[in-house]
Amino acid sequence: MAEQDRFYITTAIDYPNSRPHIGTAFEKIGADVQARFRRMEGASVHFLMGNDENTNKVTLRARELGLEPKAYVDDMARQFQEVWAALEISNDDFIQTSEPRHHEGCKKFIQAVYDAGDIYPGVYAGHYCTGCESFKTEKEVAEAGGKCPNHPNTPLSWVEEENYYFRLSAFRDRLLAYYAANPDFIQPESRRNEIVSLVEGELKDVAISRKGFTWGIPVPFDETQTIYVWFDALLNYATAAGYGGDEERFARLWPADVHVIGKDITRFHCALWPAMLMSAGVALPRKVFGHGFVYRKNEESGEVAKIGKSMGNVVEPMELIEKFSAEAFRYYFISQCPFGGDGEFSFERFADAYNSGLANNLGNLYSRILTMCLKYFEGDLGSTEGIDLTIWRRGLDVSALTGELREQVGAFDYSGAMQRIWLEVVDAANRYIQETEPFKLAKTDLEATRVVLANVADWMRLTAILIKPFLPRTAETFYRAFDFESAQPWDEVSYGTAATPFSGTSLHVTAPIVNGKPVPLFPKVETR
RNA sequence: GCCGGGGUAGCUCAGUUGGUCAGAGCGGCGGUCUCAUAAUCCGCAGGUCUGGGGUUCGAGUCCCCACCCCGGUACCA
């Protein structure tokens, strides 16, 4: 396979301490859109997600529930994947870091770094909480007022322990050179600036192992230690691709084209991770995209806050999926929350966006078009011969538009792309119908009506293709509303050829019809 | 403290190198149509572009000062 045809994309792996909330889902959807888009562009996409299980919190939580750690993480992994499946996330693989393939790869990797001379024994000192059985960061302790945030009644102790350090400081110049040579490595720009100035400052070596744990990955050159979470967590991208187990697969997939992560962990991905790879002699990923966060806006107080268990403002994806739909969920976060920046969620905003964007525009348009086709032509528009299917576009240059949308989507500007599709394409169809008035034409000139409806049918084809990466279900429903597949299979559509009108010889309504009417795609909801 | 990003219509935000840049969407108000999910379409927003000073023929758009908000400031996936 040609190098430019493959595309390996990953998301951050999640702590299975609690079920995923809408913020976690935001990241997966953002990565999923990219994966779906690249597939449409003809790339052989490999899309990885997973859970980060080698943390001490897992053992504590499992103990609370009376479970073995492995049984606990397996059950959580199942729950996470249920949510991802419900959201139509199209990942090809899901790694649990408790899996043997990950353990083996990690051991091989850390040994390689050790052999390269970048690991040395040292002493780690910090605030230790016996409740958590782990060290607390200065920041955590400071924010909790000198206590452990999870165990405020358990006094912290200052503990020093012997463990292993990674010589991160030695990679400063090489990292800066890499950033300079690859200006797009860190996206968006603001994140890049942060990292560059951070690394330009001072890089300290980091402790990469802990003593006295049984859950986790043993350090191969010192079995009394386990590999510390980040070092191990970052490696999932490589081990899932076959590092240390399936070298043929690894050679085929690596390096990753983009790591999609939260802005809070860009440092690990942009400094520590590349340094680790340099040390082990493994190629570096091509890009790291640090997306923004979704904040929760309280309907009553209007206050905006970070989403978290301790805030008591967690919203689970399933709640919205059941109340609306998975497509509605995707629509909201993709169109209303700029991926590179932060977004805001409230039930009110969600419902407003749903009603205006999906029910009143896209969904209603679907209904009115199909109804007219059924009413005036019994669903059979007949031959398309001699009909210009681009009349509806008028001033709209679809080729130019799709070209620009490709740029936007490829650069993760989803909300911008969605806005353009709605403003320039969806609105154009409503206006076209309004101006040509096929519902009046049908009384006097059936042939003219047929031309108009064939045009809006082709609008439906185009729209289906444009929204395919974002709203895969709706897109397919649109495409299958008419027999567009007679000209081009759904699996083969792309932005590159979307501007070319339907090339089939006839058009028929093939959408599901109940009681003589099309099924409403997005039933309107009451807001207050 | 230091570094970085911001403060534009009720809300969410666009506004390239200074001169139709005072805009879009949503909400609201008025009107139209009837194919449609009381949807669509058309018209209406007169906001000191946070405040003050400066550069300029001319500044949300550049400079300075002030106030406010948000990130980062390393062992927080």
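Letters A, B, ... are given to chains in the order of the sequence lines, protein chains preceding strands, and every chain is numbered from 1.
- Comparing B/G72, B/A77, B/A39 against the side chain of A/Glu194 picks out B/G72 as the nearest.
- Rounded to a whole angstrom, the distance from the C1' atom of B/U8 to that of B/G23 is 10 Å.
- In this structure, A/Tyr354 places its OH atom 21 Å from C1' of B/U12, rounding to the nearest Å.
- Counting any heavy atom pair closer than 4.0 Å across all strands shown, A/Leu423 reaches sugar-phosphate atoms only and no base atom.
- Side-chain proximity of A/Asn361 to B/C33, B/G25, B/U40: nearest is B/U40.
- Heavy atoms of A/Lys524 sit under 4.0 angstrom from at least one base atom.
- Nucleic acid contact class of A/Trp422 (heavy atoms, under 4.0 Å, all strands): none.
- One interatomic measurement links the two molecules: CZ of A/Arg191 to P of B/G5, which rounds to 12 Å at whole-angstrom precision.
- Of the P atoms belonging to B/G6 and B/G10, the separation is 23 Å, rounded to the nearest Å.
- In this structure, A/Leu272 reaches neither bases nor backbone, as no heavy-atom distance under 4.0 Å exists between it and the strands shown.
- One atom, CD of A/Gln434, and another, P of B/U34, lie 10 Å apart when rounded to the nearest Å.
- The distance between atom NE2 of A/His291 and atom P of B/A77, rounded to the nearest whole Å, is 14 Å.
- Rounded to a whole Å, the CG atom of A/Asp352 is 16 Å from the P atom of B/G25.
- Using a 4.0 Å heavy-atom criterion, one finds that A/Lys263 contacts no nucleic acid atom at all.
- As judged by a 4.0 angstrom heavy-atom cut-off over every strand, A/Ile261 is placed among residues making no nucleic acid contact.
- Of the candidate nucleotides B/A77, B/C33, B/U40, B/C33 has the atom nearest to the side chain of A/Phe439.
- Annotation: B/G28 and B/C35 have their C1' atoms spaced 27 Å apart (nearest Å).
- A/Asn193 comes within 4.0 angstrom of no nucleic acid atom, judged by non-hydrogen atoms across all strands.
- Checked against B/A77, B/U40, B/A36, the side chain of A/Asp52 finds its nearest nucleotide in B/A77.
- A 3.5 Å limit on both hydrogen-bonding distances identifies B/C70 as the Watson-Crick or G-U partner of B/G4.
- Among the heavy atoms of the strands lying under 4.0 Å from A/Tyr376 are primed sugar atoms or P, OP1, OP2 only; no base atom is included.
- Syn is the glycosidic conformation of B/G60, whose angle stays within 90° of 0.
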